[in-house]
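Structure, as structure tokens:
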Amino acid sequence: QVQLVESGGGLVQAGGSLRLSCAASGRTFGHISMGWFRQAPGKDREFVAGVNWSGYSAYVEESVKGRFTISRDIAKNTVYLQMNNLNSDDTAVYYCAAAQRTELPPYYTGQSYAREYDYWGQGTQVTVSS
């Protein structure tokens with residue numbers, strides 16, 4: 001069992017930055033892949049970025065590539081999402097997720113990709129004001 005707790009969300013002006021954190025607990029942190037998803041009002045949950053168990057393999061969705069970076073600190077059982085140059089389209093609830101596999105589930109577009117992940121945090125709100 002893995003428990004995930006997100007933090008770091010808030011209100012930021014367009015062009016600003018935020019860093020989200022996801023603290024994981026449980027005995028399998030070193031053997032799981034981690035990801036960030038987001039869901040805006042009236043929209044489907046969408047994948048943002050993922051990182052494998054070691055932190056050496058990561059994938060960032062094209063729409064945020066170049067602005068968002070994912071990383072993990074195994075010693076601290078924490079995954080981070082650094083978000084730069086934010087805009088109003090980034091406003092959403094951001095969710096941390098974990099998959100019981102050492103390597104990232106191969107990414108594909110569509111709602112069903114979220115089912116590749118086994119554990120979810122409660123979400124943290126990010127609001128970007130223009």
Exercise for review: May I ask you to decide if Asn77's main-chain N or O and Asp73's side chain share a donor-acceptor pair within less than 3.5 Å?
Suggested key: no
Review point. For the hydrophobic clusters of this structure (ILVMFWY residues joined by side-chain heavy atoms under 4.5 Å, transitively), does one cluster hold both Ile32 and Tyr117?
Key: no
Practice item. Treating Ile, Leu, Val, Met, Phe, Trp and Tyr as nodes and any side-chain heavy-atom pair under 4.5 angstrom as an edge, say whether Val12 and Met83 lie in one connected cluster. Key: yes
Point to revise | Reference residue Phe37; test ring pair (Phe, Tyr, Trp, His ring centres under 6.0 Å); the match among Trp120, Tyr107, Tyr94 | key: Trp120
Practice item. Keeping the roles fixed (side chain from Ser21, backbone from Ser7), state whether a donor-acceptor pair exists under 3.5 Å. Key: no
Review point. Are Val2 and Leu104 co-members of a hydrophobic cluster defined by side-chain heavy atoms under 4.5 Å apart?
Key: no
**Study point:** Modelled atom types, side-chain donor and acceptor of Ser17 and Asn84, under 3.5 Å
**Key:** yes
Revision key, fill the gap. Note: Pro105 and Tyr113 closest approach over all heavy atoms is O-OH, 2.7 Å
Check your understanding: Is there a side-chain contact (heavy atoms from CB on, under 4.5 Å) between Arg19 and Tyr80 once you walk through the steps?
Key -> CA-CA 7 Å; Arg19 188 177 79 159; Tyr80 304 98; 3.7 Å; yes
Study note, to complete from the structure: Heavy-atom nearest pair, Thr78 first then Ala23, reads OG1-CA, 4.2 Å
Check your understanding: Does the Gln39 side chain pair with the main chain of Lys43, one donor and one acceptor, at a distance under 3.5 Å?
Key -> yes
Exercise for review: Kindly compute the distance separating CG (Asp89) from OG (Ser130), expressed to the nearest 0.5 Å.
Suggested key: 10.5 Å
Review point. To the nearest 0.5 Å, how far apart are CH2 in Trp36 and CG in Leu81?
Key: 6.0 Å
Practice item. Give the C-alpha distance, both sets of side-chain angles, the deciding distance and a yes or no for side-chain hydrogen bond (donor to acceptor under 3.5 Å, both in side chains) between Gln13 and Ser129. Key: CA-CA 5 Å; Gln13 289 188 332; Ser129 63; 5.0 Å; no
Review point. Is Val60 linked to Met34 within one hydrophobic cluster, defined over Ile, Leu, Val, Met, Phe, Trp and Tyr using a side-chain heavy-atom separation of less than 4.5 Å?
Key: yes
Check your understanding: Is the charged tip of Arg38 near the ring of Tyr95: under 6.0 Å from the six-membered ring centre and within 45° of its axis?
Key -> no
Point to revise | Asn52 side chain vs Ser57 backbone, donor-acceptor pair below 3.5 Å | key: yes
Check your understanding: Donor-acceptor pair, Arg101 side chain versus Glu103 backbone, under 3.5 Å?
Key -> yes
Point to revise | Asp118 side chain to Gln100 backbone, donor-acceptor under 3.5 Å | key: yes
Check your understanding: Is there a donor-acceptor pair under 3.5 Å between the side chain of Ser33 and the backbone N or O of Ala99?
Key -> no
Study note, to complete from the structure: Rounding to 0.5 Å, atoms CZ (Arg72) and CD1 (Ile70) come to a distance of 8.5 Å
**Study point:** Leu20 side, atom CG; Gln82 side, atom CD - distance, nearest 0.5 Å
**Key:** 9.0 Å
Practice item. Could you pull out the closest heavy-atom pair between Tyr108 and Pro106, with the gap in Å? Key: CD2-O, 3.4 Å
**Study point:** Rounded distance (nearest 0.5 Å) linking atom CD of Gln111 with atom CZ of Phe47
**Key:** 15.5 Å
Exercise for review: Spell out, yes or no, whether Leu18 and Val48 are grouped together once hydrophobic residues are joined by side-chain heavy atoms under 4.5 Å, including indirect joins.
Suggested key: yes
Check your understanding: Between Thr124 and Gly9, is there a donor-acceptor pair closer than 3.5 Å when you use the side chain of the first and the backbone of the second?
Key -> yes
Review point. How long is the gap from CD on Glu6 to SG on Cys96, to the nearest 0.5 Å?
Key: 5.5 Å
